[in-house]
Amino acid sequence: MAKTKIIIKNDKQIQWIRAASKIAAQALDMITPYVKEGISSEELDHICNTFIMSLWGHSACIWYHGYPKYTCISLNDTICHWIPSKNEILKPWDILNIDVTVIKDGYYWDTSRMYTVWEISEQAKNLISITKKALEIWIGQVRPWNFTWNIWYEIAKYVEAKWYGIVREYTWHWVWMDLHEEPYIYHKAPKNSWIIMEAWMIFTIEPMINVWSHKTKILKDWWTVKTEDSKLSAQFEHTILVTSDWFEILTLA
Ligand code: MF3
Ligand code: CO
Ligand code: CO
């Protein structure tokens, strides 16, 4: 069991967090009509950033461990952390994840969702709907005194029964006064690494699901993570607050 735990201290902080928590989700709503054939991922990145700044927030990604852009935009067989580029032009059959992490008033929110450009394959449709359902199942397990172990169990039962792969290397994380705080929690449990959820914890849930194999590879830029077999991958992410009796999704518009 992880030793550290992050507890939110008082109601006032939670009020602040709630008040400012909408920007990240609003950015993902705002960008939807721009996700069209012919636009570059760099343009999408800039539009998101301009929007976030217009609401007095800023991106937590830029220069995070040297990361050079404001958002992560991951296409097709990219699992996460693809660096937006002017050479990456959207095609009709692309599926993509846009991931924004916003800082406002010193607090962090992290959320991502999937977008489609035009006509996508049945396989891509299934992948996206299974990944979305996976996030919902996971969130449904969030409540005080539940074990993260139960979440893993439920999700593996659902995803692996369909022969999809749950990416193991990348984690949930606590989000509070920093983008990634320990303890990191895996989506597929290594033994003895569970946590008991308690009221006023905040963390992300962000399943990455691959068609078939869970295996990954990292490109030479040391950021971009792809599926090892070049099959499609999808991800959805929310930042969640554990309340006294249940949960609250902070990253809703
Ligand atoms: N938003 C990502 C997450 O969900 C983190 C991105 S870090 C970056 O954890 F540096 F790549 F932007
Ligand atoms: Co995250
Ligand atoms: Co994120």
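Residue numbers count from 1 along this sequence.
- Checked for salt-bridge contact, Asp77 and Lys226 meet the test: a charged N lies under 4.0 Å from a carboxylate O.
- In this structure the side chain of Pro92 never reaches within 4.5 angstrom of the side chain of Glu119, judged on heavy atoms.
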Can you give the donor-acceptor pairs under 3.5 Å from side chains of residues 208-217 to other protein atoms, not counting sequence neighbours?
unit_1	atom_1	unit_2	atom_2	d
Asn210	OD1	Ser233	OG	2.7
Asn210	ND2	Ser213	O	2.9
Ser213	OG	Lys215	N	3.0
Thr216	OG1	Glu169	OE2	2.8

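- Under the side-chain contact (heavy atoms from CB on, under 4.5 Å) criterion, Ala124 pairs with Ile95, Ile120, Ser121, Leu232, sequence neighbours left out.
- Going from atom CH2 of Trp200 over to atom CD1 of Ile14 covers 4.5 Å, rounded to the nearest 0.5 Å.
- When Leu96, Ile73, Asp94, Thr116 are each tested for a side chain to side chain contact (heavy atoms under 4.5 Å, CB included) with Val35, only one passes: Leu96.
- One N or O on the side chain of Ser85 and one on the backbone of Asn87 form a donor-acceptor pair closer than 3.5 Å.
- Side-chain N or O atoms of Thr204 include none that pairs as donor or acceptor with a backbone N or O of Thr239 at under 3.5 Å.
- Here the side chains of Asn49 and Lys69 are not in contact, with every heavy-atom distance at 4.5 Å or above.
- A donor-acceptor pair under 3.5 Å is absent between the side-chain atoms of Ser74 and the main chain of Thr78, judged by distance alone.
- Under the 4.5 Å side-chain heavy-atom criterion for Ile, Leu, Val, Met, Phe, Trp and Tyr, Tyr115 and Ile130 are members of distinct hydrophobic clusters.
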Could you walk me through whether Thr71 and Asp99 satisfy the side-chain contact (heavy atoms from CB on, under 4.5 Å) test, starting with their C-alpha distance in whole Å, then the side-chain angles of each, then the deciding distance to 0.1 Å, before giving a yes or no? CA-CA 6 Å; Thr71 63; Asp99 189 338; over 6 Å; no
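- Closest approach of Thr243 to Pro144, counting heavy atoms only: O-CG, 3.1 Å.
- With no hydrogens or angles considered, no side-chain donor-acceptor pair links Ser40 and Lys86 at under 3.5 Å.
- Using a 4.5 Å heavy-atom cutoff, the side chains of Glu206 and Phe236 are not in contact.
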Show your working on side-chain contact (heavy atoms from CB on, under 4.5 Å) between Lys91 and Val117 and close with a plain yes or no. CA-CA 7 Å; Lys91 297 179 197 64; Val117 180; over 6 Å; no
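- Nearest heavy-atom pair across Gln235 and Pro207 is CG-O, 3.1 Å.
- Residues forming a side-chain contact (heavy atoms from CB on, under 4.5 Å) with Ile249 (at least two apart in sequence, or on another chain): Ile139, His238, Ile240, Phe247, Thr251, Leu252.
- A continuous path of ILVMFWY side-chain contacts below 4.5 Å connects Tyr164 to Ile137, so both sit in one hydrophobic cluster.
- Of all non-hydrogen atoms in Phe203 and Met197, the two that sit nearest each other are CZ-SD, 3.8 Å.
- Taking each heavy atom of Leu44 and Ile31 in turn, the nearest pair found is O-CD1, 3.7 Å.
- Note that the CD1 atom of Ile202 and the CD atom of Glu248 stand 9.0 Å from one another [nearest 0.5 Å].
- In this structure, the side chains of Ile47 and Ile39 come closer than 4.5 Å at one or more pairs of heavy atoms.
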I'd like to know whether Ile17 forms a side-chain contact (heavy atoms from CB on, under 4.5 Å) with Trp109, so could you lay out the CA-CA distance, the side-chain angles of the two residues, the decisive distance to 0.1 Å, and finally the verdict. CA-CA 9 Å; Ile17 286 197; Trp109 295 269; 3.8 Å; yes
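- Atom CD1 of Ile83 sits about 9.5 Å away from atom CG of Leu219, to the nearest 0.5 Å.
- What you find for Val159 and Ala134 is that their closest heavy atoms are CG2-CB, 4.0 Å.
- Residues Glu237 and Ile205 are not in side-chain contact: their nearest non-hydrogen atoms beyond the backbone lie 4.5 Å or more apart.
- Residues Ile196 and Val142 share a hydrophobic cluster, clusters being chains of Ile/Leu/Val/Met/Phe/Trp/Tyr side chains in contact below 4.5 Å.
- Rounded to the nearest 0.5 Å, atoms CD1 (Ile128) and CD (Gln123) are 11.0 Å apart.
- Interatomic distance, Ile98 CD1 to Ser41 OG, rounded to the nearest 0.5 Å: 9.0 Å.
- Using a 4.5 Å heavy-atom threshold, the side chains of Glu37 and Leu90 count as separate.
- Under the 4.5 Å side-chain heavy-atom criterion for ILVMFWY residues, a single connected hydrophobic cluster contains both Tyr158 and Leu135.
- Pairs of residues two or more places apart, or lying in two chains, that qualify as side chain to side chain donor-acceptor pair (under 3.5 Å) and include a residue from residues 22-36 are Asp29-Arg113.
- With sequence neighbours excluded, the residues forming a side-chain contact (heavy atoms from CB on, under 4.5 Å) with Trp56 are Lys104, listed by chain and number.
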Between Thr224 and Ile218, does a side-chain contact (heavy atoms from CB on, under 4.5 Å) hold up when you go through it step by step? CA-CA 6 Å; Thr224 311; Ile218 295 198; over 6 Å; no
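- The closest side-chain heavy-atom distance from Trp223 to Tyr67 is below 4.5 Å.
- Hydrophobic cluster membership for Tyr70: Ile62, Trp63 (Ile, Leu, Val, Met, Phe, Trp, Tyr linked by side-chain heavy atoms under 4.5 Å, directly or transitively).
- Both Ile166 and Leu127 are part of a single hydrophobic cluster, where members link through side-chain heavy atoms under 4.5 Å apart.
- Residues Asn97 and Ser112 have side chains that bring a donor and an acceptor to within less than 3.5 angstrom of each other.
- Arg143 approaches Val242 most closely through the heavy-atom pair C-CG1, 4.0 Å.
- Ser59 places a side-chain N or O within 3.5 Å of a backbone atom of Cys61 that can act as its donor or acceptor partner.
- Using a 4.5 Å heavy-atom cutoff, the side chains of Glu43 and His46 are not in contact.
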